[in-house]
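Order of the sequence lines fixes the chain letters, A, B, ..., with proteins taken first and strands second; residue numbering starts at 1 for each chain.
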2 protein chains.
Amino acid sequence: MMFFGEFEYKLDEKGRLPLPPRFRRYLKDGVVLIPGPEKCITVYPLAEWKKVADTLTTGSLAPSKMRTLNRALFATAFHMVIDSAGRISLPAPLRDFAGIYDEAIVAGVNKNMELWSPDEWAVEKASSQVQAWQIIESLEQK
Amino acid sequence: MMFFGEFEYKLDEKGRLPLPPRFRRYLKDGVVLIPGPEKCITVYPLAEWKKVADTLTTGSLAPSKMRTLNRALFATAFHMVIDSAGRISLPAPLRDFAGIYDEAIVAGVNKNMELWSPDEWAVEKASSQVQAWQIIESLEQK
DNA sequence: GGAAGACGTGGGAAAAAGTGGTAGAAAATG
DNA sequence: CATTTTCTACCACTTTTTCCCACGTCTTCC
């Protein structure tokens with residue numbers, strides 16, 4: 001499954017966020033939410049997250065590094081299930097981390113999704129588009 | 001398939017745009033719309049876009065660069081299917097980006113198509129024609 | 001030149017989606 | 001242990017979107 005597209009939704013007063021209808025059939029087992037490398041929430045389908053976690057934790061790392069990695073991967077992760085209306089409730093710690101309050105952008109990014117505050121997303125989107133076409137042009141020249 | 005030619009259509013009040021009849025048989029799987037490098041919407045047949053995306057995402061880039069690229073390639077892309085009248089509906093974010101409202105130019109550009117507002121297209125067309133002959137002459141000198 | 005088919009354009013109906021609310025269950029606290 | 005509060009799952013309503021149909025015009029072919 002490839003996730004793509006950009007969708008904007010309101011959160012209700014309980015912190016619930018709809019996911020795009022076209023994604024829902026691939027998220028029956030729920031999703032895993034973790035803080036992203038940027039100021040966003042990274043969303044994996046459960047199966048995909050298991051693959052990522054496996055890949056990372058089978059690497060040969062020093063025990064202390066491995067403990068750190070495990071804490072970051074698992075302790076900050078939330079397994080959320082989609083309700084009958086296609087929504088997940090965003091845990092407060094993650095909302096604060098990403099600065100998401102009234103509304104959020106759901107962005108499909110190939111194997112996973114990202115949740116952004118509209119303001120942060122506007123900035124990130126603009127800069128990524130400029131960079132992307134530069135990369136594309138450099139590849140087309142080959 | 002090589003797309004060429006220039007076509008002008010009206011959008012209806014629901015944001016739907018017809019695609020040229022001679023293109024339709026090559027677009028059965030739908031099209032992928034992304035913001036163009038200029039102020040236009042770039043349209044790929046699904047298969048063609050997958051090739052581009054594969055090429056780009058299999059390259060060896062630093063993880064942060066790869067995330068940026070993925071955001072530009074996937075998050076701003078929309079997969080649209082042609083309806084029984086040969087139309088696609090243009091997502092609002094892309095319409096705003098390209099300044100397309102009442103009518104649009106569909107331009108065939110080799111492997112893909114581009115959607116322009118008539119005003120922007122007139123400017124781009126004039127300048128690209130002048131530049132094209134200069135480019136061709138510079139190539140012939142080699 | 002006429003007729004038939006295709007195309008552009010608009011509208012309408014049905015289905016889906018966004019959003020808010022309510023009730024039940026679980027948990028926490030006194 | 002009981003009561004209150006919070007969270008979750010389910011339900012319902014309104015808006016939006018999507019799919020399908022129909023009409024008028026243009027092109028093409030006979």
Taking protein heavy atoms under 4.0 Å as touching, what does nucleotides 22-29 of chain D look like 5' to 3' if B marks base contact, S marks sugar-phosphate-only contact and - marks none? --------
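Among the atoms of the strands shown, none is found under 4.0 Å from any heavy atom of A:R22.
B:L33 and B:L46 fall into different hydrophobic clusters, where Ile, Leu, Val, Met, Phe, Trp and Tyr residues are linked whenever their side-chain heavy atoms come under 4.5 Å apart, directly or through other members. Cluster annotation: B:V31 is connected to B:F3 through the hydrophobic network of ILVMFWY side chains, with a link wherever side-chain heavy atoms come within less than 4.5 Å.
Distance, B:L17 CG to C:dT9 P: 9 Å, rounded to whole Å. Rounded to whole Å, atom C1' of D:dT17 lies 13 Å from atom CZ of A:F7.
A side chain to side chain donor-acceptor pair (under 3.5 Å) check over residues 7-32 of chain A, counting only residues at least two apart or in different chains, returns the pairs A:D12-A:R16. Applying the side chain to side chain donor-acceptor pair (under 3.5 Å) test to residues at least two apart or on different chains, the pairs with a partner in residues 121-131 of chain B are B:E6-B:W121, B:E6-B:K125.
At C:dG18, one or more side-chain N or O atoms of A:Y9 fall inside 4.0 Å of OP1 or OP2 (strictly under the cut-off).
Nearest approach of A:F4 to B:F78, heavy atoms of both residues: CE1-C, 4.1 Å. Residues A:V106 and A:P20 share a closest heavy-atom pair of CG1-CD, 3.7 Å.
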Distance-only check: which donor-acceptor pairs under 3.5 Å involve side-chain atoms of residues 62-70 of chain B, not counting sequence neighbours?
from  : atom 1 : to    : atom 2 : distance (Å)
B:R67 : NE     : A:E38 : OE1    : 3.0
B:R67 : NH2    : A:E38 : OE2    : 3.1
B:T68 : OG1    : B:S64 : O      : 3.1
B:N70 : ND2    : B:M66 : O      : 3.4

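Each of A:R24 and B:R24 lies near DNA chain C, and the nucleotide nearest B:R24 is the one positioned closer to the 5' end.
The side-chain contact (heavy atoms from CB on, under 4.5 Å) test applied to B:A85 returns B:D83, B:R87, not counting sequence neighbours.
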Protein N or O to nucleotides 21-23 of chain C N or O, pairs below 3.5 Å:
from   : atom 1 : to    : atom 2 : distance (Å)
C:dG21 : O6     : A:R16 : NH1    : 2.8
C:dG21 : O6     : A:R16 : NH2    : 3.2
C:dT22 : O4     : A:K14 : NZ     : 2.6

